[in-house]
> 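Structure provided below as structure tokens; questions to follow.
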There are 2 protein chains.
Amino acid sequence: MSNAGPQRKSDLLRRFASTGGLDAQTAIRRENLLRALALIAREPAPVTRAVIARRTGLTSATASSLVAELIEFGLVTETGPAESTGGKRATRLEIDTETHLIVVAVVRTRAIDVALVDLAGRTVASNRVELAGEVEVSAVVDAVRSLLRAEGAESRVLAACVQVPGVTADGVVVDSVQLGWFGVPLASLLEEAIGAPTSVVNDVDAEALTEAADAADGAIRLVVHLGEGVGAAVTNGGTLMAGATGRAGEIGHVRVVFEGARATCRCGLSGCLESAASMSAMLGDAYTDEFDEHDTSLLASTAESRERMAFGARALSRALRIMSALLDPQEVVIAGAAPALGPHFLGTVRDEFEMYPAKGTAPVPIRYGRLELGRYLGPARSALAPILGDALPLTERPAAGLAPVIGEVH
Amino acid sequence: MSNAGPQRKSDLLRRFASTGGLDAQTAIRRENLLRALALIAREPAPVTRAVIARRTGLTSATASSLVAELIEFGLVTETGPAESTGGKRATRLEIDTETHLIVVAVVRTRAIDVALVDLAGRTVASNRVELAGEVEVSAVVDAVRSLLRAEGAESRVLAACVQVPGVTADGVVVDSVQLGWFGVPLASLLEEAIGAPTSVVNDVDAEALTEAADAADGAIRLVVHLGEGVGAAVTNGGTLMAGATGRAGEIGHVRVVFEGARATCRCGLSGCLESAASMSAMLGDAYTDEFDEHDTSLLASTAESRERMAFGARALSRALRIMSALLDPQEVVIAGAAPALGPHFLGTVRDEFEMYPAKGTAPVPIRYGRLELGRYLGPARSALAPILGDALPLTERPAAGLAPVIGEVH
DNA sequence: CAACTTAGTTTACTAAGTCAACAAAGTGGG
DNA sequence: CCCACTTTGTTGACTTAGTAAACTAAGTTG
């Protein structure tokens, strides 16, 4: 780290931040830099300058020049020589995890989690601030500032993202009933406080992006979130399909049960997917906002709860059949708190799904969301998206034995 | 037309045909050429070099150079001066309809339609060849050759597309039960015969592309095709979403009717969407392969047929509710032979759709496919896609009073 | 150890942008 | 009516970032 952080960072932002007014020449250079970066980040085998040249079709001279710039920016480092393949040994390239950090803040109704994530996706520091009453916007800024100061990382922040429950658009929390926030320009507030570009993301979208982390270009993935309600998201490559009015995925109140609908849904109608397949519908009072996804003790304890889950699985698979026939996705992910329902529920959904195999459709793997990926990857990816697109998958597992520091920070 | 066709054409193909081995510099030039071309084709107001410079953010020097090249290629022409806006009068630019032509062949079970379409989307010549027995591959080549000779247009063909019923992939008719063709490399056969790049497209996909003709970037459209079966397609901007295994849109045999399913579907199961909402299911024997979409005489004549249509509308709207909640599309298009079902059917679908408005979703316009756009636009767009992307919308209406020449050509 | 391979850099060249000056052809006020 | 001002489009000098090919560096293998 010969070159100081802030210097390097502003160069980087100038090169990558798509402020619209990019001229054509720098745009293509940006494209090539990102292609090289994506290769280094995603390829399982060691990547060298020669590999970049071969895989991108660029000349080795260009590959060298791209790598030089990526190293200059603190995005990539050389990590010793690779084995020879019959000639001079190549120099391994890896993502630089020492220079830049991503700030992630997850705002919940009773707590704020703040984390620092490196460019490989490892959580290098985290902290939870418990909250007494309502969530104030300033509490988010304070929580972030505290952790940065504690880690001495103020100058290493490349980008930040705040995850909130509710409707978000363009850095603004448009409508969050859970937090009581309406029209809060959260991104610009935090941006001013920490001096790094900040994005704001919805919790369901963040989760879908986490699941789509290693997506190849053009891969379609259908993510269904089960929580208090039911939502869905479609990811195309590494990006979300937002829909014409930004309301794609609102499948919770679509009617799927036409006979034997249990009760009226909170929306006023009956037979909604949500009233059958949400966590609340299946677990009743056992499911709360602070539900622990790893606790499976409450499940399937009574005949009634088993029956509820079977009913929910049936309703869910109905919706899944249509959606997956339409999109022919790579896979279907059932995320949110659903993994806590255990293998039996997933099995039931699969069985129901395959009970009516639609002619002409391909079999689709259905799996649970990967809780072990950690909750910070989706927002971290969102933070980087405006700068580096989805070049960095951030799929590295969290470092073993790193327990989050729980407690107040002032 | 000072510069002869073939010369110009090969230059054009060299510049645009994405043979993969494009180097980075020519790639960006290609991009800019297409941006300029798309502006000229799509903008309602007259486009000039100055407009291109302003809208693309490129300098006026670059805009001039781009336009010069487009004119050289026979894609654009100057059409007189525009009004002054306080200074020198600009030169209007329009798509050149005199130089290049697109060949479209539509293969049906008993006839082949061939058409020549100009770059504005106008059908400038067409012919139908009625067939006695089975459709031979050579008949397609002959039909195209005949029309080209009759019009003296052999050297003006920029690209071609053949539309066939059945499964197609990469220029090959993989499986067409209707034609009895399996693994026919149709594209390369015709390409050799006429010396222009040729693509092969499925009829449902072609239709969806026609409907998405004027799509803005990133616009999501859901097109449902009603014919002998039921299929769907999702278009994102001007391109089709194919799915992980190329089987997106196969919603015909998804179960949507759970109570009171009429009969077993031809797939062996019951309650399929197709068994309720296909044209065959709703019209019975009145619907055949050679159904005339403009003939509405058979419809709703009996109480039973009215009831069948209502049942079909209900089943269809169930599927539509989920799909549109998931994708939040700009609009839903009911295409295929459906427009022949008249306004009453569409009204029923809309009513059923809106009967259970899912909370959180946006209202979606549902409309019939636009038969008046003509059947050649989708394939024509597919023909150009490998060369010009979707720069040219081809949305011009067919020239009034141009009746297709019906009869044998030898 | 010589011959071959592979990695990566250096140098000359090229494509295609930007910038700024300028010519061409209009409009409009005194 | 003429001169100042606008707008369009072109021309030429300069810049960015690519390619191609020669070259250096550092290995492996017969």
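The figures here come from the full heavy-atom set of this structure, side chains too, leaving out hydrogens, waters and symmetry mates. Naming: A, B, ... by sequence-line order, numbering from 1 per chain.
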> Begin with the C-alpha distance, continue with both residues' side-chain angles, and end with the deciding distance and a verdict on side chain to side chain contact (heavy atoms under 4.5 Å, CB included) for B:Phe16 and B:Leu75.
CA-CA 12 Å; B:Phe16 287 106; B:Leu75 294 172; 4.0 Å; yes
> Using only side-chain N and O atoms of A:Thr48, determine if any of them is under 4.0 Å from OP1 or OP2 of C:dG8.
yes
> Mind checking salt bridge (Lys or Arg N to Asp or Glu O under 4.0 Å) for B:Glu31 and listing every partner two or more places apart, or none if nothing turns up?
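By the salt bridge (Lys or Arg N to Asp or Glu O under 4.0 Å) rule, B:Glu31 matches no residue at all.
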> When you check the side-chain N and O atoms of B:Thr239 and B:Asn236, is any donor under 3.5 Å from an acceptor?
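Distance-only check fails for B:Thr239 and B:Asn236.
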> Counting only side-chain N and O atoms of A:Arg54, is one of them less than 4.0 Å from OP1 or OP2 of C:dG8?
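No, no such contact exists.
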> Check nucleotides 28-30 of chain C against the protein and report each pair of N or O atoms closer than 3.5 Å, with its distance, or say if there are none.
none

> Can you give one letter per nucleotide of nucleotides 23-30 of chain D, 5' to 3': B if a protein heavy atom sits under 4.0 Å from the base, S if only from the sugar-phosphate, - if neither?
--BBBS--
> Within this structure, what is the CD1-to-C1' distance between B:Ile28 and D:dT16, rounded to whole angstrom?
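Taking atom C1' of D:dT16 as the reference, CD1 of B:Ile28 is at 11 Å.
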> If you restrict it to nitrogen or oxygen atoms, what contacts under 3.5 Å exist between nucleotides 10-14 of chain D and the protein, and what is each distance?
{"unit_1": "D:dT10", "atom_1": "OP2", "unit_2": "B:Ser64", "atom_2": "OG", "d": "2.2"}

> On the nucleotide C:dT18, are OP1 or OP2 found under 4.0 Å from the side-chain N or O atoms that B:Thr62 carries?
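Checking B:Thr62 against C:dT18: at least one side-chain N or O falls below 4.0 Å of OP1 or OP2.
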> Could you check B:Leu158 against B:Lys9 for side chain to side chain contact (heavy atoms under 4.5 Å, CB included), going step by step and ending with a plain yes or no?
CA-CA 7 Å; B:Leu158 181 61; B:Lys9 210 181 79 183; 3.9 Å; yes
> Could you give the CD-to-P distance, from B:Glu31 to C:dA16, as a whole number of Å?
14 Å
> Expressed in angstrom and rounded to an integer, what is the separation of A:Ile71 atom CD1 from C:dG8 atom P?
11 Å
> Sequence neighbours left out, what passes salt bridge (Lys or Arg N to Asp or Glu O under 4.0 Å) with B:Arg89? Give chain and number order.
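By the salt bridge (Lys or Arg N to Asp or Glu O under 4.0 Å) rule, B:Arg89 matches no residue at all.
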> Under 3.5 Å, is there a donor on one side chain and an acceptor on the other for B:Thr59 and B:Thr62?
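Judged by distance alone, the side chains do pair up.
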> Run the salt bridge (Lys or Arg N to Asp or Glu O under 4.0 Å) check on B:Glu69 and B:Arg15 step by step: do they pass?
CA-CA 10 Å; B:Glu69 197 166 351; B:Arg15 174 66 94 177; 2.6 Å; yes
> In whole angstrom, give the distance that lies between atom CD1 of A:Ile52 and atom P of C:dT6.
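Whole-Å distance recorded here is 19 Å.
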> Grab the CZ-C1' distance between B:Arg29 and D:dT19 for me, whole Å please.
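So the two atoms are 18 Å apart, to the nearest Å.
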> Going through the distances and angles, do A:Leu384 and A:Ile102 end up as a side chain to side chain contact (heavy atoms under 4.5 Å, CB included)?
CA-CA 8 Å; A:Leu384 285 186; A:Ile102 306 161; 3.7 Å; yes
> Taking 4.0 Å as the cut-off, does a side-chain nitrogen or oxygen of B:Asn32 come that near to OP1 or OP2 on C:dG17?
yes
> Using salt bridge (Lys or Arg N to Asp or Glu O under 4.0 Å) as the criterion, list what pairs up with A:Glu154, not counting sequence neighbours.
none
> Any idea which heavy atoms bring A:Pro185 and A:Val172 closest together, and the distance?
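In this case the closest contact between A:Pro185 and A:Val172 is CA-CG2, 4.2 Å.
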> Figure out the CG/C1' separation between A:Leu58 and D:dA20, and round it to whole Å.
14 Å
> Taking CD from B:Glu83 and C1' from D:dT8, how many angstroms apart are they, rounded to a whole number?
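The answer, rounded to whole Å, is 15 Å.
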